[in-house]
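Here is the naming used below: chain letters follow the sequence lines, and residue numbers restart at 1 for every chain. Note: hydrogens, waters and symmetry copies are ignored here, and every other heavy atom, side chains too, is used.
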Number of protein chains: 2
Amino acid sequence: MSGSSLSPREVARRRLLDTLRREGPLARVEIGHHLGMSPASVSELTASLLDEGVLVTEEGSEALSGLIRGRPKVRLFFADSLGFVIGVWTGFNRIELRLVDSAGRNRASRHVERPLRNLEADALMDVLSETITAFARDSGAPDVKAVGLACQGYVDTKEGIVAWSPVLGTRDLPLAEGLGQRLGKPVLIENDASAMAFAIAQRDPALRVGRTACLMIGDGVGLGFLVQGELYRGARSGGSEFGHVRLRRSGPQCRCGGRGCIEAFLADYALHRDAQLIDHRPAPTILIPSEDAMGALVAQARAGDTALLHLFREAGEVLGDAASILIQTLEPDHIVICGPGTRAMDLLSPSFEAALEHQTIPALRSLTTIQVVESSMDLLTEGVVMQALRELDQDLARLRAA
Amino acid sequence: MSGSSLSPREVARRRLLDTLRREGPLARVEIGHHLGMSPASVSELTASLLDEGVLVTEEGSEALSGLIRGRPKVRLFFADSLGFVIGVWTGFNRIELRLVDSAGRNRASRHVERPLRNLEADALMDVLSETITAFARDSGAPDVKAVGLACQGYVDTKEGIVAWSPVLGTRDLPLAEGLGQRLGKPVLIENDASAMAFAIAQRDPALRVGRTACLMIGDGVGLGFLVQGELYRGARSGGSEFGHVRLRRSGPQCRCGGRGCIEAFLADYALHRDAQLIDHRPAPTILIPSEDAMGALVAQARAGDTALLHLFREAGEVLGDAASILIQTLEPDHIVICGPGTRAMDLLSPSFEAALEHQTIPALRSLTTIQVVESSMDLLTEGVVMQALRELDQDLARLRAA
DNA sequence: CATATTTGTTCGTTTGTCGAATAAAACAAT
DNA sequence: ATTGTTTTATTCGACAAACGAACAAATATG
């Protein structure tokens, strides 16, 4: 009845590898310090990991010594010759790729402009498979061990299924399996906001204690929620498409088919579309505007365009309402606002702050810190690559145990 | 850095006591089955627990044997002679009390009509202390080991602080310490919706797997959220006053000072107040109506009063919106609607269902089951008493370990 | 070169769990 | 009555995992 329980050894092994992935090369004593373990136990664990070739001792430690008295530390880290992992993000008309070696070090990256919307499921998987294969070939990476893919929508990471996505017509697409078969490698899929949240939390230790809610504004509005540094998993993906909470009953149309979703006020496409409407130009079909177009929009607003300023004010208000709901439901210790949408944070802030204060019960407000993290989509592939590496580590451990 | 880590022994001990509390008297083999442990280990653990007098072997097992072939089971359970625990719920003008023995068996209960609103913090604690002491005395319970108190508002169980409560004027009241000093016993405080959620989940095993959100409608609207049967703890109490999420910007006044809170549509006081307003009677100050008054209101609506029906329709709609937010944020496997407010579920249902379907993205809707649990406030004291007993069990274990 | 200092390993011990054998306590069959 | 049968519980030896203490290793300092 206790499910697939890991052996104590596997748990320890995993914790060790996790901290090593995060904290860079560490000496055995330092690992012990991080994990609250005795040096003896660390020695035992690392001995077998070195033996298996998962870890290697760091060269050139002599640079570090020279001033410290005792025996110099020998730092350990992942071997970088055990193959590669590719991280992918798929947007509406763009694919971002990143290649890392087994030590997690960046080896190559690429972005491809390619409209993905309205492709059939099979066609989409073909395109992805080809793009990934070409990238691996061109980067001279013959031995890709796994692929991590971050995409929009409700993603069930465990089952490898995309339940719904704004990009896809199909529902319940078994993407991990489909792409995995084409590539002949394990594929891990993840919601993009979750991947972003994970990456951001890897960089800031404060975000790994307590609960952290990451609101990502960009093509859509996503939520990645972390509890003690681990991604919260709901029945499906865990609040990851929070952007489709409908805050205004008679609000603008959203691409999900509903009305008044958070996303329908805040996402790039929504702001761009509403700006077009102001100019009495015909409303475009849903379209992801370029970064340039969004930059121009923001610049025009900053220059004092009152109609545009009103749009941003309303968007900020919705963001404040959204943050307030998060606070009063999840009671997070931190809220992080991230993604390309933060480019207009100066325009959103006044109404955001006002709405947040207005809508949140004061006793709770002080418990949550709110910060804006300027994060490019780069972080996204970084996040999903780290997750794929972690899975790989775990598989290694499990393989050994079997 | 790893906090206060329990020894493996303590963890096992606690898991054992938890299942025993929940699943009633069990034989050693059955315990092993529940926990996925070998009989040898169970024997080892129970031996010391029997030795310490925490557990006893059940008498009268001969009634159970007689038809089964092998050696008869000897069921173990908590000794009932190790003192008592009192569970308390404080409403606006009512205090509910329950006395259980160390085996968790009900020994006495009482409810006291007593307006608590607008009392000073010290006066409130005095009243509670006196009421509890009198109850213990009258019930012939000389040896009360601990008190569990469930109350409305933002409760920080760990710190024992009530951050804010509709009953209190004060903020950040250290209630556990204050009451504990007066009574000379440890006091555990908990949000009432959380206590209710805990009690309901103890009764239904299905609610202890995955995530369960319990919406309690009554004096206010509370939320108890469980992950794998354990209460989710946010930065404070964990979404417990979800009722103060503001869904309608220009909605009715709420007792928290805001406007358009979920509670301001659904709570007893809100429905009662709005019904008064329909009749052009002067709006009463915030007042908790009696169960009779609410019954009359519901009866009148069922009889076809269109204005009242409209009130309930709107309340149902808000409930649907609320459930939708929960689904799209927490992605729970189960939503349970409970509390006295379910008395009018037939009136709320049509608009509730409609709003829920309208506001929720279809890909997620099917993942969450929704059920209504008719639950009296009795369950509440049961929930908090169980939590207090659990704490006591843990303390026993810790005491031994020290 | 001896000493101090810090890192890492070895080794014996403790703790917790398990499997297998064994004992215990009933019923069933002859 | 006695002898199996069946299920429950305990005992005992084995093993895994982690720890503390002692010890070895590698460097800086005086």
Side-chain angles (χ1 to χ4, degrees), chain A residues 2 5-16 20 25-51 55-77 397-398 400-402, chain B residues 1-2 5-17 20 25-51 55-77 397-398 400-402:
Chain A
S2 59
S5 55
L6 300 171
S7 77
R9 177 79 175 236
E10 279 175 294
V11 173
R13 209 179 149 112
R14 202 185 161 179
R15 289 212 310 146
L16 193 155
L20 213 52
L26 290 178
R28 279 163 257 239
V29 232
E30 295 170 327
I31 295 173
H33 223 255
H34 273 277
L35 298 175
M37 277 175 124
S38 73
S41 307
V42 178
S43 243
E44 230 275 316
L45 275 170
T46 52
S48 61
L49 285 164
L50 284 163
D51 202 47
L55 300 183
V56 292
T57 59
E58 202 189 35
E59 301 299 314
S61 326
E62 70 274 4
L64 288 163
S65 64
L67 288 167
I68 312 125
R69 280 179 71 96
R71 170 174 172 174
K73 297 172 201 283
V74 179
R75 292 187 208 278
L76 304 176
F77 202 57
R398 201 174 292 156
R400 286 281 136 192
Chain B
M1 287 276 151
S2 58
S5 57
L6 301 172
S7 78
R9 178 78 177 240
E10 280 175 294
V11 173
R13 207 180 150 112
R14 200 182 164 179
R15 289 212 309 145
L16 193 154
L17 293 176
L20 213 52
L26 289 177
R28 279 165 256 241
V29 231
E30 296 170 326
I31 295 173
H33 222 255
H34 272 277
L35 298 175
M37 276 175 125
S38 72
S41 306
V42 178
S43 244
E44 229 275 317
L45 274 170
T46 51
S48 62
L49 286 164
L50 284 163
D51 203 46
L55 300 183
V56 292
T57 59
E58 201 188 36
E59 301 300 313
S61 325
E62 71 272 6
L64 288 162
S65 65
L67 290 166
I68 313 124
R69 280 180 69 94
R71 171 175 171 174
K73 299 173 199 284
V74 178
R75 292 188 207 277
L76 304 176
F77 201 57
R398 200 173 293 157
R400 285 282 136 193

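A side chain to side chain contact (heavy atoms under 4.5 Å, CB included) with B:Leu20 is found for one member of B:Thr46, B:Leu49, B:Ile31 and no other, namely B:Ile31.
The minimum heavy-atom distance between A:Leu50 and A:Thr57, with the atom names listed, is CD2-N, 4.0 Å.
A straight line from CG of B:Leu16 to C1' of C:dG16 spans 14 Å, rounded to a whole angstrom. Atom NZ of B:Lys73 is separated from atom C1' of C:dA24 by 16 Å (rounded to the nearest Å). In this structure, A:Leu45 places its CG atom 9 Å from C1' of D:dA17, rounding to the nearest Å. Counting to the nearest Å, the P atom of C:dG16 and the CD atom of B:Glu10 are 9 Å from each other. Between B:Leu76 atom CG and D:dA9 atom C1' there is a gap of 11 Å when expressed in whole angstrom units. Rounded to whole angstrom, the span from the CZ atom of B:Arg13 across to the P atom of C:dT17 amounts to 12 Å.
When each of D:dA26, D:dT8, C:dT17 is scored by its nearest atom to the side-chain atoms of A:Pro72, the top-ranked nucleotide is D:dA26. In this structure, of D:dT29, D:dA18, C:dG8, it is D:dA18 that holds the atom nearest to the side chain of A:Met37.
Note that the CG atom of B:Leu26 and the CG atom of B:Leu76 stand 8.0 Å from one another [nearest 0.5 Å].
Counting non-hydrogen atoms under 4.0 angstrom, B:Ala12 reaches the backbone sugars and phosphates but no base.
In terms of the salt bridge (Lys or Arg N to Asp or Glu O under 4.0 Å) criterion, residue partners of A:Arg9 (sequence neighbours excluded) are, by chain and number, A:Glu44. Under the side chain to side chain contact (heavy atoms under 4.5 Å, CB included) criterion, A:Ser41 pairs with A:Met37, A:Ser38, not counting sequence neighbours.
Phosphate proximity of D:dA18 to A:Ser41: absent, as no side-chain N or O sits under 4.0 Å from OP1 or OP2.
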Legend entry - Annotated protein contacts, base or backbone, on nucleotides 9-15 of chain C with a non-hydrogen cut-off under 4.0 Å, one of B, S, - each: BB-----
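Contact annotation: the side chain of A:Val42 never approaches that of A:Val29 to less than 4.5 Å [non-hydrogen atoms, C-beta and beyond].
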